[in-house]
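Data first, discussion second: the structure below is written as structure tokens.
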There are 2 protein chains.
Amino acid sequence: LDATALSQWHAGPTRDAILDFVTRVTDSQGPDYVPPPQRIAVFDNDGTLWCERPYYIQIAGGLDYFVARATANPALRELQPFKAAVEHDVAFFEHFVAENRVFDLVKMLVEAAAGETQAEFEARATAWFADARHPRFNRLYRQMTFAPMVELLGLLRAADFRIFICTGGGMDLVRLVAEELYAIPREHIIGSNMMLAWEERDAGPTLVRMPAVVMPFNDGPGKPVNIQLHIGRPPIFAAGNSNGDIEMMRFAAASQLPHFNLLVHHDDAEREYAYDSGAESALALCADRDWCIASMARDWRIVFAQD
Amino acid sequence: LDATALSQWHAGPTRDAILDFVTRVTDSQGPDYVPPPQRIAVFDNDGTLWCERPYYIQIAGGLDYFVARATANPALRELQPFKAAVEHDVAFFEHFVAENRVFDLVKMLVEAAAGETQAEFEARATAWFADARHPRFNRLYRQMTFAPMVELLGLLRAADFRIFICTGGGMDLVRLVAEELYAIPREHIIGSNMMLAWEERDAGPTLVRMPAVVMPFNDGPGKPVNIQLHIGRPPIFAAGNSNGDIEMMRFAAASQLPHFNLLVHHDDAEREYAYDSGAESALALCADRDWCIASMARDWRIVFAQD
């Protein structure tokens, strides 16, 4: 590996540390060699692989859906989350995040959006993703991925890592675009989801989306639990950006294998956003443990892919 | 593909049908072409990839563990499943299967075996698997896989299928040996499991196995639900051997893609076992839908790999 391997990262300690780790674990003669079956990498999605401000992309998609539902059925306009969607009251959703009540937010959204078949959901979400745009940057949401992180995925893939997304966001939404955006197959997406039911209908058996969240919710301590359930072993590379990623990183650190934890720090108000809110404990932990903090402002040559 | 591709299968309609299907879905010029991302294959394990008689291999491992626990703590000898284990009362366990109460059996075993850390379980199960032997054939359990089916896995893998096991048996037990036995990585094993908890202990954070089954239980209608949750799309190839595999096969058939369902029929009392018990509905459905029934007696040159 030479410096051209992460060309979208500035030279410096962060890039050096990543390249050094990948070099060490793939050197079959070295003391830190990790055989390919154990080369598991997990990435949070919102704020780690794509932009999560001014609100989760997930919520952007939900807003349009809830407005459509409330338009067809005006009685819904007095109920949440339909009321907030119709009034474009984004602060209503932000309160949950600021108050560290993301599970309550997901539960509300899941209960409000339940009832579709899996096929109906996929058709609706695919159509939404085709042309929905970010309100500040006016880019397609599918172009809101962080180019240096997508480059990092490629570096790990070339080093025989198996790469998973482990997100508190909606598993099914991410699955619809992960193959295109990240070259990550659907079965490598771990996320939040509603329970599904197998129903016998006139048209045949059908998967229906139910008003209940699959537990454990995939945030904080739910992440290592779901990583074990879906993957069967700890990651040796974990990347996140918020307090909800702490346990996932600690799972990597507890693996007794060489490991690397990376925290994306949003400190670039000009090119993206600058905020520590929701990441205070993670930043402190990474500083304390000497885990790698990637500064968007300092370490990334570009944030989003060039058009 | 020519007939050497499944050399452990006898020539005949079953082998022809499998080879024809794989040829069609991989022919990029043909009408039945399926792009690689959608080439998902799912295999039941007990009775489909390895022998499930006289009792599930899972239970064999549990018996030894429960005997050890009851030896260390005699008070357990009056409780089930410890009592049956100590008395080697295999009929006690078989009743659950014959009465179609496999979930109750799994629930009992999960509740009795809970409390270990994930690392403790893996060390114990790995040690058990190293030398445990089948009571009739006196082969190591790890040599009780069906050689023609393992050959079929290789055929599908070479055709760019991604292969998953979808078993009612214990996910974590299968994961410990699937890489060696089937060349299937841990993250491609879907099965029954206990809930896990992330506990802060003096030695650090630890995954602990809890006395509750992850729902839905991975049998019958739980199989398509869990396939969707773990993989994100229906299989186009599904193989099973019992009534618990019916919904998984119907999921493949409902995919609107070219698909292939295969039912292993245990009709070879001499080389393995002959029984339709627990498979009556699946056999009838496959006959009705013209899905492929593989007869062990007629279609397989060998059952177990040669020593």
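Throughout, protein chains are lettered first and strands after them, A, B, ... in sequence-line order, and every chain is numbered starting at 1.
- Under the side-chain contact (heavy atoms from CB on, under 4.5 Å) test applied with B:F43, the options B:F237, B:F164, B:Y182 reduce to a single match, B:F237.
- With a threshold of 4.5 angstrom between heavy atoms, B:L207 approaches chain A through side-chain atoms but not through N, CA, C or O.
- The pair A:R250-B:E200 meets the salt-bridge criterion, since a charged nitrogen lies less than 4.0 angstrom from a carboxylate oxygen.
- Counting heavy-atom pairs under 4.5 Å between each of A:I40, A:N226, A:L196, A:N193 and chain B puts A:L196 at the top.
- Residue contact with chain A, scored on non-hydrogen atoms closer than 4.5 Å, is absent for B:I190.
- Between the side chains of B:Q118 and B:D172, at least one donor-acceptor pair of N or O atoms lies under 3.5 Å.
- Across A:T206, A:V214, A:I189, A:V225, the residue that shares the most heavy-atom pairs under 4.5 angstrom with chain B is A:V225.
- Aromatic ring centres of B:F251 and A:W198 lie closer together than 6.0 Å.
- Judged purely by atom type and a 3.5 angstrom limit, B:E179 uses its side chain to pair as donor or acceptor with the backbone of B:R186.
- For B:E247, the parts lying near chain A are the backbone and the side chain together; criterion is any non-hydrogen pair under 4.5 Å.
- Across A:H188, A:R162, A:E122, A:M215, the residue that shares the most heavy-atom pairs under 4.5 angstrom with chain B is A:R162.
- Counting heavy-atom pairs closer than 4.5 Å to chain B, the top residue among A:P205, A:A254, A:P37 is A:P205.
- Ring-centre distance between B:Y141 and B:W128: below the 6.0 Å cut-off.
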